[in-house]
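Before any comments, here is the structure.
Order of the sequence lines sets the chain letters (A, B, ...), proteins ahead of strands, with each chain counted from 1.
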Protein chains: 2
Amino acid sequence: MKKSSLYKGCLEPILLRLLKDNGRMYGYQMTQMVKEITKGELTITEGALYPLLHKLEEQGIVETETEMNGSRMRKYYSLTKAGKKQTAVAMDEMKAFMQSLEFIVNPKPVIG
Amino acid sequence: MKKSSLYKGCLEPILLRLLKDNGRMYGYQMTQMVKEITKGELTITEGALYPLLHKLEEQGIVETETEMNGSRMRKYYSLTKAGKKQTAVAMDEMKAFMQSLEFIVNPKPVIG
DNA sequence: TCATTATACATAAGTAAATTATGCATAATT
DNA sequence: AATTATGCATAATTTACTTATGTATAATGA
């Protein structure tokens with residue numbers, strides 16, 4: 001990922017969110033979509049992406065189907081039932097996290 | 001810090017923001033303020049806090065004054081001139097980061 | 001036509017930023 | 001009297017990346 005290490009720890013929930021929204025995606029596609037959505041701000045590196053996807057598969061969060069696109073392989077990932085549950089939890093955590101950042105960056109003045 | 005590792009990489013900008021807003025703080029005070037602001041969501045651990053503060057001091061981002069409160073020591077930290085510049089940069093990065101997260105968690109549907 | 005960029009996967013070594021555990025010391029609370 | 005709170009600090013470990021490297025095909029451009 002690009003820049004400042006702020007994104008550290010956010011990759012997993014980001015991938016879960018992508019899969020939740022798009023149903024079925026392959027790795028390279030995820031990197032491109034994130035780059036596009038964030039206007040180039042966030043670039044997922046392959047060294048981070050693939051090992052994480054493998055871990056999620058091991059954990060039964062995602063499942064895969066490999067397909068050929070012409071002569072090129074694509075490995076499609078989608079959320080399992082357990083993965084959907086896990087994603088809901090991760091999204092709640094994300095919300096709380098973003099809310100907390102808001103509080104810190106934009107603190108409400110104490111009245112009184 | 002507490003929970004889910006989402007906050008990984010955010011501690012430094014959070015501390016810079018606190019110092020920017022409050023002028024002068026000691027370590028323990030920072031942990032308490034963050035806990036309060038985030039309604040208990042974010043708990044800064046001492047093992048993360050103190051080494052980071054020391055690093056920032058080495059880098060000339062913050063400077064310290066040690067004072068006694070009764071018989072207890074407090075080490076006050078404040079931003080140096082260079083630290084204020086650095087904080088402005090960090091805050092811009094924070095904004096971009098939060099914006100990107102928003103885009104991912106709440107993607108805009110493509111019209112057309 | 002030959003080199004570069006894009007697509008598409010994968011893994012290994014190294015690093016940064018935490019967590020967890022531990023330590024010291026005083027003050028306040030139960 | 002024991003526990004919790006205040007206040008600092010450091011060491012060992014773990015996590016989650018980055019950087020580097022590897023393989024292979026397709027498209028683009030000089």
Side-chain angles (χ1 to χ4, degrees), chain A residues 1-16 24-36 40-59 61-62 64-77 90 93-94 97 100, chain B residues 1-16 24-36 40-59 61-62 64-77 90 93-94 97 100:
Chain A
M1 279 194 260
K2 176 184 142 192
K3 221 178 189 179
S4 72
S5 83
L6 281 171
Y7 295 89
K8 211 164 251 203
C10 294
L11 183 53
E12 183 172 324
I14 286 172
L15 296 186
L16 294 179
R24 209 173 87 106
M25 299 183 78
Y26 57 98
Y28 185 76
Q29 186 185 13
M30 298 178 195
T31 67
Q32 298 309 300
M33 187 172 283
V34 165
K35 200 191 286 180
E36 199 186 330
E41 247 284 311
L42 175 52
T43 305
I44 299 175
T45 62
E46 295 162 303
L49 176 68
Y50 292 113
L52 177 51
L53 286 174
H54 300 162
K55 193 195 80 178
L56 292 174
E57 191 180 5
E58 266 177 42
Q59 293 176 342
I61 306 292
V62 298
T64 62
E65 287 170 308
T66 299
E67 284 180 20
M68 295 310 283
N69 173 256
S71 60
R72 270 220 207 85
M73 179 183 65
R74 283 176 180 171
K75 198 164 164 186
Y76 283 90
Y77 290 83
E93 285 175 5
M94 251 319 227
F97 167 60
S100 290
Chain B
M1 278 193 262
K2 174 186 143 194
K3 220 179 190 180
S4 72
S5 82
L6 280 171
Y7 295 88
K8 210 164 250 203
C10 293
L11 183 54
E12 183 172 324
I14 286 172
L15 297 185
L16 294 178
R24 210 173 86 107
M25 301 181 77
Y26 57 99
Y28 185 76
Q29 187 186 12
M30 298 178 197
T31 68
Q32 298 310 299
M33 188 173 283
V34 166
K35 201 190 289 180
E36 199 186 330
E41 245 285 310
L42 176 51
T43 306
I44 298 174
T45 62
E46 295 162 302
L49 176 68
Y50 293 113
L52 176 52
L53 286 173
H54 300 161
K55 193 195 80 176
L56 291 174
E57 190 179 7
E58 266 176 42
Q59 294 175 342
I61 307 291
V62 298
T64 63
E65 288 169 307
T66 299
E67 284 180 21
M68 295 311 282
N69 173 258
S71 60
R72 270 219 208 87
M73 180 184 63
R74 283 176 180 172
K75 198 165 165 185
Y76 282 91
Y77 290 84
E93 285 174 4
M94 251 321 224
F97 167 60
S100 289

_Test side-chain contact (heavy atoms from CB on, under 4.5 Å) applied to R74(B) and M68(B), step by step_ = CA-CA 6 Å; R74(B) 283 176 180 172; M68(B) 295 311 282; over 6 Å; no
*How far apart are the C-alpha atoms of L16(B) and I61(B), what are their side-chain angles, what is the distance that settles it, and do they pass the side-chain contact (heavy atoms from CB on, under 4.5 Å) test?*
CA-CA 9 Å; L16(B) 294 178; I61(B) 307 291; 3.8 Å; yes
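For the pair S5(B) and dA16(D), the criterion of a side-chain N or O lying under 4.0 Å from OP1 or OP2 is met. Phosphate proximity of dC9(C) to Y26(A): absent, as no side-chain N or O sits under 4.0 Å from OP1 or OP2.
Heavy atoms of other residues, nucleotides or ligands lying less than 6.0 angstrom from NZ of K35(A) number 12 at most.
For the pairing with T31(A), the side chain to side chain contact (heavy atoms under 4.5 Å, CB included) check across L42(A), T45(A), T43(A), L49(A) returns one residue only, L49(A).
Taking every heavy atom of both residues into account, P51(B) and E46(B) meet most closely at CD-O, 3.7 Å. Across every non-hydrogen atom of G9(B) and L6(A), the tightest pair is O-CD2, 3.5 Å.
Between the CG atom of L6(A) and the C1' atom of dA16(C) there is a distance of 13 Å, given to the nearest Å. Straight-line distance from the CD atom of E57(A) to the P atom of dC9(C): 13 Å, rounded to whole Å. Separating the NZ atom of K55(A) from the C1' atom of dT14(D) is a distance of 13 Å, rounded to the nearest angstrom. Atom CG in L52(A) sits about 14 Å away from atom C1' in dT18(D), given to the nearest Å. Between the C1' atom of dG7(D) and the CZ atom of R74(B) lies a distance of 9 Å, rounded to the nearest Å. If you take OH of Y7(B) and C1' of dC17(D), they are 20 Å apart, rounded to a whole angstrom. Between the NZ atom of K35(A) and the C1' atom of dA8(C) there is a distance of 14 Å, rounded to whole Å. For the pair L49(A) CG and dC9(C) P, the computed distance is 8 Å after rounding to whole Å.
Under the salt bridge (Lys or Arg N to Asp or Glu O under 4.0 Å) criterion, E57(B) pairs with no residue at all, not counting sequence neighbours.
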N/O to N/O distances under 3.5 Å, protein versus nucleotides 28-30 of chain C:
none

Pairs under 3.5 angstrom, nitrogen or oxygen only, protein versus nucleotides 10-12 of chain C, please.
unit_1: dA10(C); atom_1: OP1; unit_2: H54(A); atom_2: NE2; d: 3.4
unit_1: dA10(C); atom_1: OP1; unit_2: K75(A); atom_2: NZ; d: 2.9
unit_1: dA10(C); atom_1: OP2; unit_2: H54(A); atom_2: NE2; d: 3.0
unit_1: dT11(C); atom_1: OP2; unit_2: H54(A); atom_2: ND1; d: 3.1

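Looking at heavy-atom distances under 4.0 Å, G27(A) makes contact with sugar-phosphate atoms alone, never a base.
Checking dT10(D) for Watson-Crick or G-U wobble geometry (two distances, each under 3.5 Å) identifies dA21(C) as its partner.
Atom OH of Y76(B) is separated from atom CE of M25(B) by 9.5 Å, given to the nearest 0.5 angstrom.
Mapping S71(A) and E12(A) onto DNA chain D via the closest heavy atom, the residue that lands nearer the 5' end is E12(A).
Judged by distance alone, the side chains of E41(A) and Y7(A) do bring a donor and an acceptor atom under 3.5 Å apart.
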